[in-house]
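Data first, discussion second: the structure below is written as structure tokens.
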Amino acid sequence: MKAISPSSLEWHKRYDNVDGTGEMFLGAMLLGIALLSYLQSILKDPIWVTHGFARLIFMYAVLASVMGPAFLLRRISKRRFTFPRTGYVALGMGAHHNAKGTTHGRTRFKRSRRIAIVAIMGSSIRFGVAMVCLIGFGARHLEAIPCLPILCDVAYLGMWVLGYGFLIARIGGPHRWKWFLLLFMAVGLILIGILHTGSVLAMSRPVSLFVGLIWVTSGIGTFFSYLRHTHPPAAEIE
Amino acid sequence: MNDQLRAISELDRVIHEPGRLMILSLLWPIKECDFLYLRNATEMNKGNLSSHLARLESAGYVEIEKTYRGKVPQTLLRMTPAGSTAYEKYRQALKTAF
């Protein structure tokens, strides 16, 4: 019998990616972004692709064409393989959202959640403003500080490595090979950074493609490992 | 009797049992799950899990729905509002006690 610990209560969050479909979906999202970015760089002639309201429709159409099938595949995979093997769970609004008579606990839960959301939003805004200021400053004083674009590139590439590292630590599960994949990803991103001579925006295309492929690979590896190590139980009365 | 001791003496005994506490802790943040998920998460055997669930159902803390996934029987489990309230009270009582 397992001991109750705070991490046990987070079980359902890790369980959502137990079959690797979460990583595959995130990878597909990045591949969609890479595809969109490449299409926009190639299709410059019709002005609507890169400017105006039609650009938004084009953007959503391209992203939906990649993420829609990925979403459907994820659902099918969950129903076909995951739920019969290790059980079905519906996340979302749990029972704690309709607890009655104990507003004390509810209020504290909601307040902490609000604080977390505000803190995350605040940090994101600050990070965004800092990046914009840094890029603007770099554009104006490129001659004065030649290493500034390199610092921007390092910050941008490092963000991806940290993101994947966080993903592995949080929902990666017991797969040590993922740390080697992280190392491979870091080496690949360093190579992209060295070989690419354009701006950060131009570099984002191969980076999205590469990171997307890494995440999809990681998800596929997790999926096959899950299939190998789990088997559906024999049907009997529960 | 002081407040801390009173809080300990008034702990809900249905929830206080470790197996049932695990079940409620797992059901609390989610909408619903099936028997297989709970069995994997708690690593209890079928008999134990069934008896704990029956106890929780009789206390009105858990709702059990027998259904089918295709041709395979499936037992869906979800925490009731009464179970959620009792669980919150139990948590508060533990915090008061310690």
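Chain identifiers are assigned alphabetically (A, B, ...) following the order of the sequence lines, protein sequences preceding nucleic acid strands; residue numbering begins at 1 within each chain.
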**OP:** Check each atom of A:Arg85 against the heavy atoms of chain B and say whether the ones under 4.5 Å are side chain, backbone, both or neither.
**Re:** backbone
Subject >> Value rounded to 0.5 Å, distance of OG1 in B:Thr75 from OH in A:Tyr88 >> reply: 13.0 Å
Subject >> Point-to-point distance, once rounded to the nearest 0.5 Å, from CD1 of B:Ile30 to OH of A:Tyr15 >> reply: 10.0 Å
Subject >> chain A contact via B:Leu76 - which portion, at a heavy-atom distance below 4.5 Å >> reply: side chain
Original post:
Is B:Asp34 reaching over with its side chain to a backbone N or O of A:Gly87, donor-acceptor style, under 3.5 angstrom?
Top reply: no
Subject >> Atom CZ of B:Arg69: over 12 foreign heavy atoms under 6.0 Å >> reply: yes
Original post:
For A:Tyr156, does the OH atom have more than 12 heavy-atom neighbours from other residues, nucleotides or ligands under 6.0 Å away?
Top reply: yes
**OP:** Run the ring-centre check on B:Tyr37 versus A:Phe83 and record whether the distance is less than 6.0 Å.
**Re:** no
Subject >> Student check: side-chain heavy atoms of B:Leu36 and A:Pro233 closer than 4.5 Å >> reply: yes
